[in-house]
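We're numbering straight along the sequence, starting at 1.
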Amino acid sequence: MNRIPWIVVVLAAGLSTEALAGEPLPARVQETVRQAEAAGLPAGPFEAKAQEGLAKGVPEDRVEALLLQMRERMREADRALGELARGSDRAELLQAATRARTAGASGEGLAEAARHTHRVAAMWCLGDLLGAGVGEREALRLVTQASQEGDPAGRYREMVAAMQRMQGLGMGPAAAAHQMSQTMARGQPPLAAVPEQAGGPARSGGDADHGAGQGGGSEGQGN
């Protein structure tokens with residue numbers, strides 16, 4: 001299973017109540033946020049990430065460096081999405097796209113995910129699947145399959161949970177993705193793809209709540 005750099009955890013974790021309710025940002029960190037906003041990027045994700053990092057005891061200079069890297073990745077995502085990045089969900093979409101970009105999504109992959117109706121959830125799911133080691137084409141195919149169901153966001157959550165369970169059993173990402181795709185093609189939910197030794201098909205949710213629009217990331221520093 002691929003390891004996701006620690007920076008993904010800091011940059012892409014879901015917005016927490018504690019992070020949003022933090023103290024005013026230090027001047028140099030606030031200036032970094034201001035520069036991102038001046039570059040046409042939404043300030044909210046940067047403020048939340050800064051508050052979260054500081055609340056966790058990350059040194060101020062490290063938070064600043066993380067925000068600068070986040071700014072570059074978000075710029076890349078914004079350029080790749082073009083007009084698709086516009087809309088009332090711009091901040092959430094760009095945050096999810098930044099996570100997917102960090103996990104290895106191409107510009108074309110970001111645009112494809114952004115064309116789904118539940119596009120923010122689709123983008124988070126793409127990033128989670130890529131972070132788990134699934135190839136981009138296969139990850140996008142799974143996202144498209146889930147988008148055709150009555151509850152796409154729920155299917156996105158289930159796919160990430162099923163991937164985690166199958167990889168926990170030692171199954172490779174490509175094999176797990178293939179098995180999940182076949183399961184959904186038969187009209188079954190993604191968690192039905194989990195072998196019986198994992199406890200059989202389980203209830204959706206819980207295992208990967210971040211997989212449908214609240215961010216992701218799972219490993220320590222280093223690849």
Side-chain angles (χ1 to χ4, degrees), residues 2-111 113-114 119-120 122-133 136 210-211 213-223:
N2 288 4
R3 286 184 174 271
I4 304 172
W6 175 77
I7 188 172
V8 174
V9 181
V10 177
L11 297 187
L15 304 185
S16 64
T17 303
E18 292 80 8
L20 294 174
E23 296 296 324
L25 296 175
R28 60 187 290 189
V29 175
Q30 183 61 58
E31 176 60 19
T32 303
V33 174
R34 189 200 66 76
Q35 290 173 1
E37 189 173 25
L41 302 174
F46 291 90
E47 292 172 343
K49 291 305 109 185
Q51 293 284 12
E52 187 171 356
L54 293 169
K56 291 178 178 178
V58 179
E60 184 177 320
D61 59 345
R62 180 63 175 153
V63 169
E64 184 179 13
L66 291 169
L67 292 181
L68 289 172
Q69 185 167 349
M70 181 180 179
R71 185 179 69 188
E72 292 311 305
R73 291 296 175 89
M74 191 173 287
R75 275 178 171 173
E76 292 175 5
D78 193 24
R79 285 194 294 266
L81 291 172
E83 287 301 312
L84 288 170
R86 307 297 176 256
S88 59
D89 61 352
R90 173 174 166 78
E92 293 85 356
L93 180 66
L94 283 180
Q95 187 183 17
T98 299
R99 186 271 191 276
R101 185 68 167 176
T102 302
S106 66
E108 293 79 8
L110 295 180
R119 62 186 196 157
V120 174
M123 193 72 76
W124 280 120
C125 186
L126 172 62
D128 282 338
L129 292 173
L130 292 175
E136 184 176 66
H210 60 274
Q214 296 182 22
S218 60
E219 294 292 346
Q221 189 173 8
N223 294 319

**Closest approach of Gly131 to Ala103 (non-hydrogen atoms, all atoms of both residues)** = N-CB, 4.0 Å
**Asked** Between Met70 and Pro45, is any pair of side-chain heavy atoms under 4.5 Å apart?
**Response** yes
**Item:** Verdict with supporting geometry, Asp128 and Arg99, salt bridge (charged side-chain N to carboxylate O under 4.0 Å, His left out)
**Value:** CA-CA 8 Å; Asp128 282 338; Arg99 186 271 191 276; 3.1 Å; yes
**Asked** Where do Leu110 and Ala105 come nearest, in terms of heavy atoms and distance?
**Response** CD2-CB, 3.7 Å
**Asked** Which heavy atom of Ser106 sits nearest a heavy atom of Glu136, and at what distance?
**Response** N-OE2, 2.6 Å
**Prompt:** Yes or no on salt bridge (charged side-chain N to carboxylate O under 4.0 Å, His left out) for Arg101 and Asp78, after CA distance, side-chain angles and deciding distance?
**Reply:** CA-CA 10 Å; Arg101 185 68 167 176; Asp78 193 24; over 6 Å; no
**Prompt:** What heavy-atom pair brings Leu84 and Ala111 nearest, and what distance separates the two atoms?
**Reply:** CD1-O, 3.7 Å
**Asked** Can you name the closest pair of heavy atoms from Pro42 and Met74 and give their distance?
**Response** CD-SD, 4.0 Å
**Item:** Audit row: Glu37, Phe46, side-chain contact (heavy atoms from CB on, under 4.5 Å) steps and yes/no
**Value:** CA-CA 9 Å; Glu37 189 173 25; Phe46 291 90; over 6 Å; no
**Asked** Got a sec, which residues hit side-chain hydrogen bond (donor to acceptor under 3.5 Å, both in side chains) with Glu60, two or more places apart in sequence or on another chain?
**Response** none
**Item:** side-chain contact (heavy atoms from CB on, under 4.5 Å) between Thr102 and Gln69, worked out
**Value:** CA-CA 10 Å; Thr102 302; Gln69 185 167 349; 5.8 Å; no
**Prompt:** Considering all heavy atoms of both residues, which atom of Ala50 and which atom of Leu25 are nearest to each other, and what is their separation?
**Reply:** CB-CD2, 3.6 Å
**Item:** Step-by-step side-chain hydrogen bond (donor to acceptor under 3.5 Å, both in side chains) determination, Thr98 to Arg73
**Value:** CA-CA 6 Å; Thr98 299; Arg73 291 296 175 89; over 6 Å; no
**CA sep, side-chain torsions, deciding dist, call: Glu52, Lys49, salt bridge (charged side-chain N to carboxylate O under 4.0 Å, His left out)** = CA-CA 5 Å; Glu52 187 171 356; Lys49 291 305 109 185; 2.8 Å; yes
**Asked** In Å, rounded to the nearest 0.5 Å, how long is the span from CZ of Arg62 to CG of Leu54?
**Response** 13.0 Å
**Asked** What residues, two or more places apart in sequence or in another chain, satisfy side-chain hydrogen bond (donor to acceptor under 3.5 Å, both in side chains) together with Glu31?
**Response** Arg34, Gln35
**Message:** So, taking the atom named CZ in Arg28 and the one named CG in Leu67, what distance separates them when rounded to the nearest 0.5 Å?
**Reply:** 11.0 Å
**Request:** With sequence neighbours excluded, tell me which residues meet salt bridge (charged side-chain N to carboxylate O under 4.0 Å, His left out) with Arg71.
**Result:** none
